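Each chain gets a letter, A, B and so on, in the order the sequences are listed, and its residues count up from 1. Because only heavy atoms are used, hydrogens play no part in the values below, and waters and symmetry mates are left out as well, while side chains stay in. Owing to the predicted nature of the structure, the values given are computational and were not obtained by experimental measurement.
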Amino acid sequence: MSTAHEDPRVTDYALGELSGEELARFEAELAESELLREELAGVKSTLGALREELGSEPKPALDAPRRERIAEQASQGAPKPKRRLRAVAFAAMTVTAAAAGAMLFVTTQGRRAEVASVSMDKAEGKEKGTLGPGTAASAASSEDMPVVNQGQRFNRDAYDAFADNPFVRVATDPRSTFSIDVDTASYSLVRRHLRDGQLPPKGAVRIEEMINYFTYVYPEPTGDRPFSVSSEVGAAPWASGHRLLKLGLKGKHVAPADVPGTNLVFLVDTSGSMSDENKLPLLKQAFSLLVQQLDAVDRVSIVAYAGSAGTVLPPTPGDQRATILGALDRLSSGGSTNGGEGIQLAYELAKQGFVKGGVNRVLLATDGDFNVGVTSQSDLVDLVEKKAKTGVFLSVLGFGAGNFNDSTMEKLADKGNGNYAYIDTLNEAKKVLVEQATGTLMTIAKDVKIQIEFNPAEVSEFRLIGYENRVLSHHDFNDDKKDAGEIGADHTVTALYEIVPAGGAPTGPGNDPLKYQAPGTPTGKAARGELATVKLRYKQPAGSESQLIEVVVRDTDAKESDDFRFAAAVAELGMLLRDSPHKGSSSFADTVRLASSGELDERRREFVDLVRTAERLKR
Amino acid sequence: MQDGKVRWVMEALSRYEAALLRYAATLVDRAQAKDVVQETFLELCKAEREAVEGHLAAWLFTVCKHRAVDARRKAQRLRSLEDADVNEAPDSGPIQKLERRQTLSRVGVALEALPEREREALLLKLDGGLSYKEIAKIMGLSTSNVGFILHTAIKRIQREIARDSELPMRAAGRTS
């Protein structure tokens, strides 16, 4: 009888490799032995950590020349089809393409089978002498190779891991500087994972994007300012004694008639993996919704990229809907992805159709795995950044699951002065592309940075919730060369700070006092009872010099608004899903209570349902 | 004409290239791994689709392993001819290894520090999603042996994680 520690069946069981009698016996033992259960829990958590690690590691990919060589070999030297995109209406397309594929296969099968058997003989001959018959290339014969379990297929979604922002002591560092972020993709990604019955990887949970998925009521900006700034302070629901500061930005409303014109280039990924119902077909529906909003002054172009990139539609006036929708319809999926080439072409078309003073934007729609072709990823990011300076911005719309390169997408949108949204349903498409069409597309201020200085007389510690990958150095705030986030028409941006009031219990051991310096002495202004001063810098969309806004925040002890409690609830869910060290006393039940304490619209009701789902999955 | 085949191969490529490149890198250096994976897919182009479908992953990892073993043997021959270690891959020197480790998480470090055989089995299982039986074939082992190797690997990493949480600075170390 071996001890549980040496019992490899624990691993077999955790990997689903036990079956029949063995499985029954093991489960009986498991029910009996506390030690065995502990072992199993340990193995399972290690496996989880390993899976997360493999999922979050950067994914290596073959370079373009190698890829092309493979594509060439796959087509066996047959002449390249002139056009990948068949001129067939889409609904009919999928069916005919499948049938055509099957027929082609039958007709060429004989010849190909010969080729295959020759090459395998060769392979076997080569291997037999060295590896032994048991390990030779016999995998090519199907009988003895069990079918690969599709359910175990490794999920290749790539997320960057990051740690929560820590508490900062006002005595040593009273400032907090970050760039705004209007992305909302994280919320949709989290929703997809939960609906699929799995907890999202921690790296996919970006709390600021979850909070910003929802709109909150903020005052309209007045005067020349492109956005308004407001704040609210209330209790932090998850930590007694702590306060929560909610900062809100609201972009001014721009009537569609006031938009000088929109020049959109749809850059559509038509690689093979895009054929799923929730990808290309959904994308087409989403774009047709957007096209309905355009008119004669607007321009629409379409670029498809797969094995090679091609123009599907040159810049076309927005009122020629039949032409545009027809071109959209003709998009079909097939081939691999060469995003690098596609993006160059898209920028070329954007230049051709450039509308001065208007919205000039490339909308990249993809399921991820963005193969950048001859250029490296950093070259691509540079390109996107350079083009943003010429006035052509990039937005990224993510589709589908299982192959999704979240980190690349976010970086591209970030550098391209754009937004990044993840589209999993037609409703989401409507939200992103129709209801918020002006906000999504019309940038009203760029390089928006926030710097807060907390008052040591009122605050002892603070923590920025979320925005981990948007934190800036303090000196970046006044550096106009430093890129930051954009805000669109009607957009709202929300940021939360958790605050330990002066005199509150410290959150950690803290540092020893300095030997050569005394801590700063408060100025006379510290006694004014102000919690903090918020400074914002922004540039006009075409400007290069920043402007400054300053706002003072006070803690008035007023009752928290519905919006305040809801935003806190979203932050709570994020912390629970991230298993954040700052989650305090929060629980899913509390989150539900907190979120439901105010009025709920459809989106907020959906949020409450998601919290319940997460609670079930976490059990 | 061959759109169906091209699409099938390229889809297999996007789905498995990362896992195969990682796997191949356990057997050869990173530069060679790319060649090995390219050869694997060239082989797939020549294979009969019907004979491969249903166990595509196992097929790819099997061929990948063979190509990697070939490449390794070739590299060894070259090295003995030149009788110098200039052939050392540019990213496998101790400094590069250390640098790479610094960018990895604790689990990543523990994974890199595993003995080759254990890492190979673990990648085949977790990254390739293969069954014990398939892994056994590829590695030339018995099925129960695969289970044992995986168990050992997981326990080793479990220990590393537990140890690392006490001594985070020693993350790159190896248990004796």
Side-chain angles (χ1 to χ4, degrees), chain A residues 8 10-12 15 17 42-43 46-47 49-51 53-54 57 59-62 66-67 69-71 73-76 78 81 101 104-105 112-113 115-116 119 123 127 131-132 134-135 137 139-142 145-149 152-154 156 161 271-273 307 334-337 369 403, chain B residues 1-7 9-11 13-15 17-19 21-22 25 34 37-38 41-43 45-49 51-52 54-59 62-63 66 69-70 105 107-108 111 122 125-134 137-138 140 147-148 150-151 154-155 157-158 161:
Chain A
V10 175
T11 296
D12 301 353
L15 289 170
E17 284 275 351
V43 165
T46 307
L47 276 171
L50 275 166
R51 287 208 159 97
E53 169 65 24
L54 288 170
E57 255 180 37
K59 294 181 305 171
L62 284 185
R66 284 196 168 87
R67 212 167 260 284
R69 172 83 189 85
I70 292 166
Q73 180 72 47
S75 63
Q76 291 193 351
L104 285 177
F105 190 71
R112 219 179 311 168
V115 176
S119 82
E127 298 305 337
L131 282 171
T135 56
S141 65
S142 55
M145 195 48 93
V147 170
V148 177
N149 181 354
Q152 291 182 358
R153 210 175 76 204
F154 193 68
R156 292 178 68 231
S271 58
S273 59
S336 74
T337 314
D369 249 20
N403 212 9
Chain B
M1 269 297 284
Q2 308 286 342
D3 257 10
K5 177 78 176 234
V6 176
R7 186 159 143 185
V9 169
M10 295 321 274
E11 265 186 55
L13 179 69
S14 338
R15 191 196 289 173
E17 65 179 330
L21 281 165
R22 268 205 291 239
K34 285 184 182 164
V37 173
Q38 180 186 19
F41 281 100
L42 291 176
E43 199 76 51
C45 296
K46 294 185 225 151
E48 203 184 327
R49 184 168 171 173
V52 177
H55 56 265
L56 177 63
W59 191 97
T62 306
V63 175
H66 292 158
V69 170
D70 283 353
S105 73
V107 186
L111 193 62
L122 208 55
K125 182 73 225 174
L126 297 181
D127 227 350
L130 303 187
S131 70
Y132 280 18
K133 207 171 152 192
E134 288 165 324
K137 278 206 132 150
I138 290 171
F148 192 75
L150 282 170
H151 184 68
I154 288 165
K155 296 307 288 184
I157 284 177
Q158 202 171 329
I161 295 175

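- For L62(A) against K34(B), the heavy-atom pair with the smallest separation is CD2-O, 3.7 Å.
- Under 4.0 Å is where a charged nitrogen must lie from a carboxylate oxygen, and between K125(B) and E17(A) at least one such pair does.
- The side-chain heavy atoms of L54(A) and R22(B), taken from C-beta on, include a pair separated by under 4.5 Å.
- When all heavy atoms of R69(A) and Q38(B) are compared, the pair lying nearest together is CG-NE2, 3.2 Å.
- Closest approach of G147(B) and P8(A) over heavy atoms only: O-CB, 4.3 Å.
- Taking both residues in full, the closest heavy atoms of C45(B) and I70(A) are given as SG-O, 3.5 Å, listed atom of the first, atom of the second, then distance.
- Taken from OG1 in T46(A) to NZ in K155(B), the straight-line distance is 7.0 Å, to the nearest 0.5 Å.
- When side chains are defined from C-beta on, L47(A) counts as touching L126(B), because their heavy atoms get closer than 4.5 Å.
- Interface residue L150(B): backbone and side-chain heavy atoms are both found under 4.5 Å from chain A.
- Panel note: side chain Q73(A), backbone L42(B); no donor-acceptor pair is recorded below 3.5 Å.
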